[in-house]
Every structure is written in C-alpha cells, then in structure tokens.
Amino acid sequence: MKKVVVISTSLRPGSNSNMLAEQFAEGAKAVGHEVEFISLRGKEIKFCVGCLSCQKTAACVIKDDVPGIMESVLNADVVCWATPIYYYEMSGQMKTLIDRMNAMYPKDYKFRDIYLLTTAAENEDFTPKRTESGLMGWIECYEKCELKAHLFCGGVGGPKEIEGNAKLQEAYEMGKQV
C-alpha cells in the first residue's frame, strides 16, 4: 500500500482538472492505496518573498496553509498534480505552491512517482508541453523521483465539460496503476 497525495490546483467550481483528479484518487483507493486529496480551493497560499530563510531552517517564515501541504507531500510515496492550463501554462496557484515548497528542498522526502493531470480548452498536441516542462523544473530538484505519466484532456473549457469524456476513465485507470 502506498501513500498517495493528489493536489487539485483549480479554484473553479466544476473544474475539469479537479474531476480528473477525483477519478485518479478513486482509482488509487480502489486498489487499496491510502489517498489524501488536497484541493487548493479555499486554501491560503501566499507568494514566496525570496528570503531563502527556508534553506537554512527547512521551514518557511510565511504562515498560511502551505506547511501542512508540504508535510503531506514529503510523506507521500506518490504525488499527483492536477491543473487547468491557462495560456499554455500551469495555473498560477500551482506555480505559487511549487515556489513556496522551496522549504522542502533541504529535507528528506519519500515521494518517488509524480503524475500530472491537465485540462485545457485548447486541444493541440503542444498545449500541455509548457505545463509539463514547468513541473519538470520542480521534479528535477528531487533526484529520487520521476514523472511517471501525464494525462492531458483538451477541448474542455467550461465547468464540467469533461463529463462523459473517456479521459475520466483513463485517470481512474492511471490511479489504479500507481
């Protein structure tokens, strides 16, 4: 049994990427994994101020919801990020969280497998490339982990447009394969 943390970064009700994340989580639960689902909706996540205090203390000086999220990620075997793609990039709140997780860098971590789930109104092959590249910048800082898979669902712009889409089943199956 693995500890799986799923981070849904969309703040929109009826989010397509959140629906993919929920299916991934359900798939992982179906095969007996322990799953923690973290939605950034309603979380207080402030911007990094670049003080680099975290590199000396392994803790961030900013008091908000990020330390709890970091603790969950540090203790997970698997981390799954889910984000809508805006202007061919990850959501701003996902990038802000990644920046704030800089305090994890000097710490030991358990996670080895990283998954990425993305959705966008655009449906071109190149649409998710920058988002994946951005996440790879974080992954490369943690040399014991790797991006195991990336599932992209394009052509879904409005809330809940993904309903009935085969990508939901693919996310569920991906969760089962963790």
Side-chain angles (χ1 to χ4, degrees), residues 1-10 15-41 43 45 48 54 58 60 65-86 88-120 125-154 167-178:
M1 182 173 80
K2 294 179 181 176
K3 167 100 168 116
V4 178
V5 171
V6 179
I7 303 171
S8 176
T9 69
S10 180
S15 160
N16 296 304
S17 62
N18 189 74
M19 292 172 74
L20 276 182
E22 288 171 342
Q23 288 303 303
F24 181 95
E26 288 304 313
K29 286 180 193 173
V31 294
H33 296 303
E34 177 187 343
V35 177
E36 180 180 1
F37 192 93
I38 300 171
S39 172
L40 297 191
R41 192 166 179 222
K43 297 276 193 272
I45 300 174
C48 175
C54 62
C60 185
D65 291 320
V66 173
I69 296 169
M70 281 192 297
E71 199 59 35
S72 292
V73 170
L74 284 167
N75 292 306
D77 299 299
V78 175
V79 179
C80 177
W81 292 89
T83 185
I85 294 175
Y86 301 135
Y88 302 97
E89 250 305 350
M90 68 181 74
S91 67
Q93 49 278 12
M94 179 172 165
K95 177 63 171 126
T96 300
L97 177 60
I98 286 173
D99 289 349
R100 285 290 308 291
M101 291 170 74
N102 196 40
M104 289 178 19
Y105 188 71
K107 295 183 177 188
D108 194 18
Y109 57 95
K110 288 179 59 180
F111 58 90
R112 298 295 183 265
D113 299 339
I114 308 296
Y115 291 83
L116 177 60
L117 308 171
T118 56
T119 59
D125 289 341
F126 63 84
T127 301
K129 299 297 183 199
R130 290 186 197 155
T131 299
E132 184 175 313
S133 178
L135 182 61
M136 288 304 299
W138 178 77
I139 291 170
E140 289 173 8
C141 291
Y142 297 93
E143 57 192 39
K144 296 185 277 185
C145 75
E146 66 178 320
L147 180 64
K148 295 296 277 188
H150 175 185
L151 177 64
F152 169 64
C153 181
K167 295 289 184 173
L168 291 170
Q169 184 63 34
E170 285 184 46
Y172 180 82
E173 295 300 324
M174 184 182 288
K176 285 174 63 176
Q177 299 303 313
V178 165

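Values reported hereafter were calculated over all heavy atoms of this structure, with side chains retained and with hydrogens, waters and symmetry mates removed.
- Between Met104 and Tyr142 the shortest side-chain heavy-atom distance falls below 4.5 Å.
- At a threshold of 4.5 Å between non-hydrogen side-chain atoms, the residues Thr127 and Tyr88 count as touching.
- In the model, Thr131 has no side-chain atom that pairs as donor or acceptor with a side-chain atom of Thr118 under 3.5 Å.
- For the pair Gln23 and Leu20, the minimum side-chain heavy-atom distance is 4.5 Å or more.
- Side-chain contact between Thr9 and Met90: absent, with no pair of heavy atoms (C-beta onward) separated by less than 4.5 Å.
- Met101 contributes atom CE, which lies 12.0 Å from atom SG of Cys54 (distance to the nearest 0.5 angstrom).
- In this structure, the separation between CD on Glu71 and CG on Leu74 is 5.5 Å, given to the nearest 0.5 Å.
- Taking 4.5 Å as the limit, every side-chain heavy atom of Phe24 sits out of range of all side-chain heavy atoms of Val35.
- For Lys107 (side chain) and Ala58 (main-chain N/O), a donor-acceptor pair under 3.5 Å exists by modelled atom type.
- In this structure, Glu34 contributes its side chain and Lys3 its backbone to no donor-acceptor pair below 3.5 Å.
- Using a cutoff of 4.0 Å between basic side-chain nitrogens and carboxylate oxygens, Lys144 and Asp108 are scored as salt-bridged.
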Between Asn16 and Cys153, is the side chain to side chain contact (heavy atoms under 4.5 Å, CB included) condition met? List the steps.
CA-CA 9 Å; Asn16 296 304; Cys153 181; over 6 Å; no

Does Lys148 form a side chain to side chain contact (heavy atoms under 4.5 Å, CB included) with Val78? I'd like the steps, not just the answer.
CA-CA 10 Å; Lys148 295 296 277 188; Val78 175; over 6 Å; no

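- One N or O on the side chain of Thr83 and one on the backbone of Ser91 form a donor-acceptor pair closer than 3.5 Å.
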Does the pair Trp138 and Tyr109 meet the rule for a ring-ring contact (aromatic ring centres under 6.0 Å, His included), with working shown?
CA-CA 14 Å; Trp138 178 77; Tyr109 57 95; 8.7 Å; no

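- Between Met174 and Leu117, the closest side-chain pair of non-hydrogen atoms falls below 4.5 Å.
- With His33 contributing its side chain and Val178 its backbone, the two residues share a donor-acceptor pair below 3.5 Å.
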Applying side chain to side chain contact (heavy atoms under 4.5 Å, CB included) to Ile69 and Arg100, what does each step give before you reach the verdict?
CA-CA 10 Å; Ile69 296 169; Arg100 285 290 308 291; over 6 Å; no

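- Although no hydrogens or angles enter the test, the distance criterion places no donor-acceptor pair under 3.5 Å between the side chain of Ser133 and the main chain of Lys129.
- Not one N or O on the side chain of Arg130 forms a donor-acceptor pair closer than 3.5 Å with the backbone of Pro128.
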Carefully, step by step, assess Gln169 and Glu173 under the rule side chain to side chain donor-acceptor pair (under 3.5 Å).
CA-CA 6 Å; Gln169 184 63 34; Glu173 295 300 324; 2.8 Å; yes

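- Between the side chains of Ser8 and Asn18, a donor-acceptor pair is found at a separation under 3.5 Å.
- For Tyr105, the OH atom counts as loosely surrounded, since its 6.0 Å shell holds 12 or fewer non-hydrogen atoms of other residues, nucleotides or ligands.
- Residue Glu22 holds its CD atom at 9.0 Å from NZ of Lys29, rounded to the nearest 0.5 Å.
- Using a 4.5 Å cut-off on side-chain heavy atoms (C-beta onward), Trp81 and Leu97 make contact.
- For the atom pair CD of Gln93 and CD1 of Ile98, the computed distance is 11.0 Å after rounding to the nearest 0.5 Å.
- Between Met94 and Ile7, every side-chain heavy-atom pair lies at or beyond the 4.5 Å cut-off.
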